[in-house]
Amino acid sequence: MLSALADRLPRHRVLIGSDLVRAVLVALMAVPGLPLWVLLALLLLVSVAAPPFESARSALMADVLDGERYAVATSLTGITQQLSQLVGFLLGGALLVWLSPSGALLLDAATFVVSALWLARGLRRRPAPAVREVRPSLWQDTVSGLRFVAGSSRLLAITGLVWTAAMFSTAPEGISAAWVDELGGGPTGTGVLLAAYPAGTTLGGLVLARFVPPRLRDRLVTPLVLLSLGGVLAAGVVARLLGDGAAGLPLTVAVLFAGGLGAACTIPLNVAYVQSVPAELRGRAIGVAIAGLWGVQGLGALLAGVAAQVWSPSTVVAGAGALGLLVAARPLVVLARSGLTPAGRDAADPGPVPAPAEAEGRSGA
């Protein structure tokens, strides 16, 4: 719901405000002796402040950058996020060697302050996307964003593909320790296994954005989606066949890396999503996609953990890949019929287009 703030307020204010709120909350977590439930509540609030930031950031990128620069920026953002997750896990553990948990949290809070100052100095002031005489509530804004996305078969298909790929590719993460144990590896093997898929995504995104023409990117969406989910399926099968043999873990990691290359499909999908949303609705529409994305990632990890109580981890991973391919079939068919890019638009141009209700009708509702 707070993603709607990105359409109601100047987006640079939403970015800076979200960072400052998170800086205060993380600093409060550093107070020694807080009960665990208070720490968890503060962490929850830190996460609540993330969607308005991400919605404002994504919408502002589309406002500032045009043409091919937007596609490249989307790729670089994805690469940065993948790398920052890997580095963050490693750095967080390393900091505890030299600092107390409170000291590490205070340093984390300082990074939000640095980000806010950087944004305050580096962003040009822009007005809110749309000024309306009658302001609906945040809830009404949120509902309007949901209705907008639900009214477009293209947006629903794009969102469905991104959510499907995220949910079923997260399954190995949810059971990584048990899966590595099945493969005869240890803690180091778990880290390598966790890094394989995002490492592939990083390389695939870089190649797709820098060396593949925009029109070809659109045509590569289907094979890339099949590669991303097929890689998860194949990794589970390889692990099941080889078990804890000498080649089991290395080959499984290699197959997961190949699947990660396919996850670069999110670049043309993200560009097409923004193309289909007018500027004054981008914050809400992006908020819908982001909220669902984080939700299905958690759900995928949770369901994988539950399934691993019944079946072996490799079987669960293979099943997740197979089920993901089945779920992805329908949105792929929809995009094959309607086209990934709105009619008359260049694949690299993220400018506003008519609302789907005007451009496509309500067949996707």
J.: Okay, side chain of T159, backbone of L156: is any donor-acceptor separation there less than 3.5 Å?
T.: no
J.: Under 3.5 Å, is there a donor-acceptor pair between the side chain of S102 and the main chain of A30?
T.: yes
J.: Quick one: closest heavy-atom pair of A165 and L229, and the distance?
T.: CA-CD2, 4.0 Å
J.: For R57, I'd like to know if atom CZ has over 12 heavy atoms of other residues, nucleotides or ligands within 6.0 Å.
T.: yes
J.: Side chains of F168 and L303, heavy atoms from C-beta outward: is any pair under 4.5 Å?
T.: no
J.: Are L206 and L227 co-members of a hydrophobic cluster defined by side-chain heavy atoms under 4.5 Å apart?
T.: no
J.: Taking all atoms of both residues into account, what is the closest heavy-atom pair of A239 and S314, and its distance?
T.: CB-CB, 3.8 Å
J.: So, for A23 and F112, which heavy atoms are closest and what is the spacing to 0.1 Å?
T.: CB-CB, 3.7 Å
J.: What closest approach, in Å, do G204 and A264 show between heavy atoms, and which atom pair accounts for it?
T.: C-CB, 3.5 Å
J.: Look at the side chain of S276 and the backbone N and O of L155, then say whether any donor-acceptor pair between them is shorter than 3.5 Å.
T.: no
J.: Following the transitive rule for hydrophobic clusters with a side-chain heavy-atom cut-off under 4.5 Å over Ile, Leu, Val, Met, Phe, Trp and Tyr, establish whether L293 and V225 coincide in one cluster.
T.: yes
J.: Is V316 linked to V238 within one hydrophobic cluster, defined over Ile, Leu, Val, Met, Phe, Trp and Tyr using a side-chain heavy-atom separation of less than 4.5 Å?
T.: no
J.: Rounded at 0.5 Å granularity, tell me how far CG in L2 sits from CZ in R8.
T.: 11.0 Å
J.: Are more than 12 heavy atoms, taken from residues, nucleotides or ligands other than R330, located less than 6.0 Å from that residue's CZ atom?
T.: no
J.: Between the side chains of R284 and S3, does any donor sit under 3.5 Å from an acceptor?
T.: no
J.: Do the side chains of V327 and L233 join up, straight or via other hydrophobic residues, at under 4.5 Å, putting them in one cluster?
T.: yes
J.: Report the C-alpha distance between T111 and S115 in whole Å, list the side-chain angles of each, state the deciding distance to 0.1 Å, and finish with yes or no for side chain to side chain contact (heavy atoms under 4.5 Å, CB included).
T.: CA-CA 6 Å; T111 65; S115 175; over 6 Å; no
J.: Could you tell me if the side chain of D19 sits less than 4.5 Å from the side chain of V113, heavy atoms only?
T.: no
J.: Does a donor on one side chain sit under 3.5 Å from an acceptor on the other, for T77 and T80?
T.: no
J.: Kindly work out whether a path of hydrophobic side-chain contacts (I/L/V/M/F/W/Y, heavy atoms less than 4.5 Å apart) joins V180 to L242.
T.: no
J.: Which distance, rounded to the nearest 0.5 Å, do you find between the CZ of R154 and the CG of L335?
T.: 8.0 Å
J.: Taking all non-hydrogen atoms of both residues, which atom of A285 and which atom of Y273 are closest, and how far apart?
T.: O-OH, 2.7 Å
J.: Within the structure provided, determine whether P268 and L208 are in side-chain contact (heavy-atom separation under 4.5 Å).
T.: yes
J.: Does atom CZ of R121 have more than 12 heavy-atom neighbours from other groups under 6.0 Å away?
T.: no
J.: Within the 4.5 Å heavy-atom criterion, are L40 and L36 side-chain neighbours or not?
T.: yes
J.: Got a donor-acceptor contact below 3.5 angstrom from the W179 side chain to the V317 backbone?
T.: no
J.: Using only atom types and a distance under 3.5 Å, with no angle test, would you say the side chain of R217 pairs donor to acceptor with the backbone of V212?
T.: yes
J.: Could you pull out the closest heavy-atom pair between A320 and A171, with the gap in Å?
T.: CB-CB, 3.6 Å
